[in-house]
Trainee: 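Below you will find the structure I want to go over with you.
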Amino acid sequence: MTIIDGKKVSASVKEQVAEETKKLKEQGIVPGLAVILVGDDPASRVYVNNKKKACELVGFKSEEYALPATTTQEELLSLVRDLNERKDINGILCQLPLPKGLDENAVIEAISPMKDVDAFHKQNVGRIMLGDYDFLPCTPAGIMEMLHAYGISVEGKRCVVIGRSNIVGKPMAMLLLHENGTVTICHSRTKNLAEITREAEILVAAVGRAKFVTADMVGDGAVVIDVGMNRDENGKLCGDVDFENVKDKCSYITPVPGGVGPMTIATLMKNTLKAAKLQNF
Ligand code: GUN
């Protein structure tokens with residue numbers, strides 16, 4: 001059993017981005033990312049801080065817009081429109097979820113597709129479906145990169161994704177399909193879930209429930225990817241997979257923390273670099 005080291009793979013991706021950024025700077029171009037955070041969700045705060053730190057590391061300019069939970073839809077849209085017009089901002093990211101009362105879809109659609117480094121805009125989602133895209137969503141693309149780094153092929157494999165969110169589950173299934181996996185998406189209404197997940201050669205858990213995937217749900221030799229970021233009964237950070245009991249059945253498994261999370265941020269850096277190139281050349 002191999003524990004996949006997301007930190008290590010992420011560091012090497014960020015190193016590549018930093019190198020390319022250095023070259024861009026010689027041509028007078030500094031990639032810029034604007035991160036919008038509305039409200040005071042503590043998890044979102046941590047994610048945004050990590051994104052800012054990564055920007056510093058690779059040499060990007062980053063701007064944070066921390067807005068109160070009382071921000072109106074119009075104020076938020078007005079900020080996005082201003083950022084769309086800025087030459088020095090190449091990527092715009094609005095951390096989700098937004099506080100109640102704000103319309104996430106309207107905000108996503110307001111972001112210029114060229115600056116949509118999350119790849120959440122319907123134009124980018126459609127392009128991914130057709131296999132003709134500039135940006136891939138950060139978490140699923142980060143997972144694919146991690147599989148590549150460990151030489152894990154998807155070709156012809158039975159892949160099971162648990163979760164059908166627009167951010168992870170659905171695009172994850174699409175990226176596995178692009179690499180010729182045979183993909184099943186499971187969700188809260190799926191019957192006989194364990195029967196399906198046990199057949200998976202590659203199992204991706206994106207449920208949002210602590211230790212949801214138990215040992216009886218995992219087949220021998222499976223590759224298990226844990227997208228979860230939860231607190232267990234003792235308040236300790238844990239994934240969607242019951243790591244301690246599942247790990248010995250796996251050929252590969254990602255830990256939480258130190259697995260998928262760092263890869264999400266590494267992909268964000270790649271996307272922002274790409275946005276800067278697309279907007280300047
Ligand atoms: N919330 C959880 N994951 C993400 C992400 O990848 N991007 C944004 N903007 N918000 C998120």
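What you see below is based on every heavy atom in this structure, not just the backbone, and it leaves out hydrogens, waters and symmetry mates.
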Trainee: Taking E56 first and then K51, would you say they form a salt bridge - that is, a charged N and a carboxylate O separated by under 4.0 Å?
Mentor: no
Trainee: N124 and A119: which non-hydrogen atoms are nearest, and at how many Å?
Mentor: CB-CA, 4.2 Å
Trainee: Report the C-alpha distance between V38 and L102 in whole Å, list the side-chain angles of each, state the deciding distance to 0.1 Å, and finish with yes or no for side-chain contact (heavy atoms from CB on, under 4.5 Å).
Mentor: CA-CA 10 Å; V38 189; L102 291 171; 3.8 Å; yes
Trainee: Quick one: closest heavy-atom pair of M263 and G6, and the distance?
Mentor: SD-O, 3.6 Å
Trainee: Taking the side chain as every heavy atom from C-beta outward, state whether R231 and K236 have any pair of such atoms under 4.5 Å apart.
Mentor: no
Trainee: Is it true that K157 and E179 have a side-chain N and a carboxylate O under 4.0 angstrom from each other?
Mentor: no
Trainee: Is there a path from L176 to V207 through hydrophobic residues (I, L, V, M, F, W, Y) whose side chains come within less than 4.5 Å of each other?
Mentor: no
Trainee: Could you go step by step and tell me if D226 and I253 meet the side-chain contact (heavy atoms from CB on, under 4.5 Å) rule?
Mentor: CA-CA 8 Å; D226 190 346; I253 186 167; 5.9 Å; no
Trainee: Kindly work out whether a path of hydrophobic side-chain contacts (I/L/V/M/F/W/Y, heavy atoms less than 4.5 Å apart) joins I4 to V204.
Mentor: yes
Trainee: Hey, is CE on M129 packed in by over 12 heavy atoms from elsewhere, all under 6.0 Å?
Mentor: no
Trainee: Apply salt bridge (Lys or Arg N to Asp or Glu O under 4.0 Å) to the pair D88 and K61, showing each step before the final yes or no.
Mentor: CA-CA 9 Å; D88 59 329; K61 165 194 162 89; 3.2 Å; yes
Trainee: Do V223 and C250 have side chains that get closer than 4.5 Å, going by heavy atoms?
Mentor: no
Trainee: If you draw a 6.0 Å radius around NZ in K25, do more than 12 non-hydrogen atoms from other residues or ligands fall strictly inside?
Mentor: yes
Trainee: Tell me whether R81 at atom CZ has more than 12 heavy atoms from other residues, nucleotides or ligands lying less than 6.0 Å away.
Mentor: yes
Trainee: Hey, are the side chains of R209 and N230 touching, using non-hydrogen atoms and a 4.5 Å cut-off?
Mentor: no
Trainee: Take E104 and E109, measure what side-chain contact (heavy atoms from CB on, under 4.5 Å) needs, and give me the verdict at the end.
Mentor: CA-CA 9 Å; E104 290 185 354; E109 296 315 318; over 6 Å; no
Trainee: Atom CD1 of I143 and atom CG of L147: how far apart are they, to the nearest 0.5 Å?
Mentor: 7.5 Å
Trainee: Looking at E199, is its backbone amide N or carbonyl O close enough to the side chain of R158 to form a donor-acceptor pair, meaning the two atoms are under 3.5 Å apart?
Mentor: yes
Trainee: Does atom CD (Q73) have a neighbourhood of more than 12 heavy atoms from anything else shown, all under 6.0 Å?
Mentor: yes
Trainee: Would you say the side-chain atoms of R198 pair up with the backbone N or O of D216, donor to acceptor, closer than 3.5 Å?
Mentor: yes
Trainee: Rounded to the nearest 0.5 Å, how far apart are CE of M269 and OG1 of T264?
Mentor: 11.0 Å
Trainee: So, are K277 and E20 salt-bridged, with charged N and O less than 4.0 Å apart?
Mentor: yes
Trainee: For residues M146 and V260, determine if any side-chain heavy atom of one lies less than 4.5 Å from a side-chain heavy atom of the other.
Mentor: yes
Trainee: Is there a donor-acceptor contact under 3.5 Å from the side chain of H121 to the main chain of M114?
Mentor: no
Trainee: Within the side chain of D103, is there an N or O that forms a donor-acceptor pair under 3.5 Å with the backbone of N105?
Mentor: yes
Trainee: Would you call K211 and D240 a salt bridge, taking side-chain N to carboxylate O under 4.0 Å as the test?
Mentor: no
Trainee: Is the backbone of M217 close enough, under 3.5 Å, to the side chain of T197 for a donor and an acceptor to pair up by distance?
Mentor: yes
Trainee: Could you go step by step and tell me if T214 and V246 meet the side-chain contact (heavy atoms from CB on, under 4.5 Å) rule?
Mentor: CA-CA 6 Å; T214 46; V246 166; 5.6 Å; no
Trainee: Please say yes or no: joined through hydrophobic side-chain contacts below 4.5 Å, possibly via intermediate residues, are V48 and F60 part of one cluster?
Mentor: yes
Trainee: Looking at every heavy atom in both Y150 and T2, which two are closest together, and how far apart are they?
Mentor: CE2-CG2, 4.1 Å
Trainee: Whether the side chain of T190 engages the backbone of L193 through a donor-acceptor N/O pair (distance < 3.5 Å, no angle test) should be reported.
Mentor: no
Trainee: Looking at every non-hydrogen atom in both residues, tell me the closest pair between P255 and F243 and how far apart they are.
Mentor: CA-CE1, 3.9 Å
Trainee: Ignoring hydrogens and angles, tell me if any N or O in the side chain of S251 forms a donor-acceptor pair with the backbone of G221 under 3.5 Å.
Mentor: yes
Trainee: Could you state the interatomic distance from CG (N166) to CG (D118), rounded to the nearest 0.5 Å?
Mentor: 12.0 Å
Trainee: How far does OG of S12 sit from CD of E145, to the nearest 0.5 angstrom?
Mentor: 7.5 Å
Trainee: So if you build clusters from Ile, Leu, Val, Met, Phe, Trp, Tyr with side-chain heavy-atom gaps below 4.5 Å, do Y47 and L67 land together?
Mentor: no
Trainee: Hey, quick one: are M1 and L203 part of the same hydrophobic cluster, counting side-chain heavy atoms closer than 4.5 Å, chains of contacts allowed?
Mentor: yes
Trainee: Could you tell me the separation between the CG atom of N271 and the CG atom of L278, rounded to the nearest 0.5 Å?
Mentor: 10.0 Å
Trainee: Check whether any side-chain heavy atom of L136 sits under 4.5 Å from a side-chain heavy atom of L175, and report yes or no.
Mentor: yes
Trainee: Tell me whether N49 at atom CG has more than 12 heavy atoms from other residues, nucleotides or ligands lying less than 6.0 Å away.
Mentor: yes
Trainee: Does a side-chain N-to-carboxylate-O contact under 4.0 Å join R127 and D134?
Mentor: yes
Trainee: Give the minimum heavy-atom separation between C159 and G181, together with the two atoms involved.
Mentor: SG-CA, 4.1 Å
Trainee: So do the side chains of T272 and F135 get within less than 4.5 Å of each other, counting heavy atoms only?
Mentor: no
Trainee: Do the non-hydrogen side-chain atoms of K115 and N90 ever get within less than 4.5 Å of each other?
Mentor: no
Trainee: Give, for atom SG of C55 and atom CG of L33, the distance between the pair rounded to the nearest 0.5 Å.
Mentor: 4.5 Å
Trainee: With a 4.5 Å cut-off on side-chain heavy atoms, are I36 and V80 touching?
Mentor: yes
Trainee: Determine whether a donor-acceptor pair (N or O, by modelled atom type, separation under 3.5 Å) exists between the side chain of D116 and the backbone of S112.
Mentor: no
Trainee: State, to 0.1 Å, how close G163 and I185 come at their nearest heavy-atom pair, and which atoms those are.
Mentor: O-CG2, 3.7 Å
Trainee: Is the shortest distance from a Lys or Arg side-chain nitrogen in D5 or K7 to a carboxylate oxygen in the other one below 4.0 Å?
Mentor: no
Trainee: Taking NZ, NE, NH1 and NH2 as the nitrogens, is one of them in K247 or E244 under 4.0 Å from a carboxylate oxygen of the other?
Mentor: yes
Trainee: Determine whether a donor-acceptor pair (N or O, by modelled atom type, separation under 3.5 Å) exists between the side chain of E155 and the backbone of N180.
Mentor: no
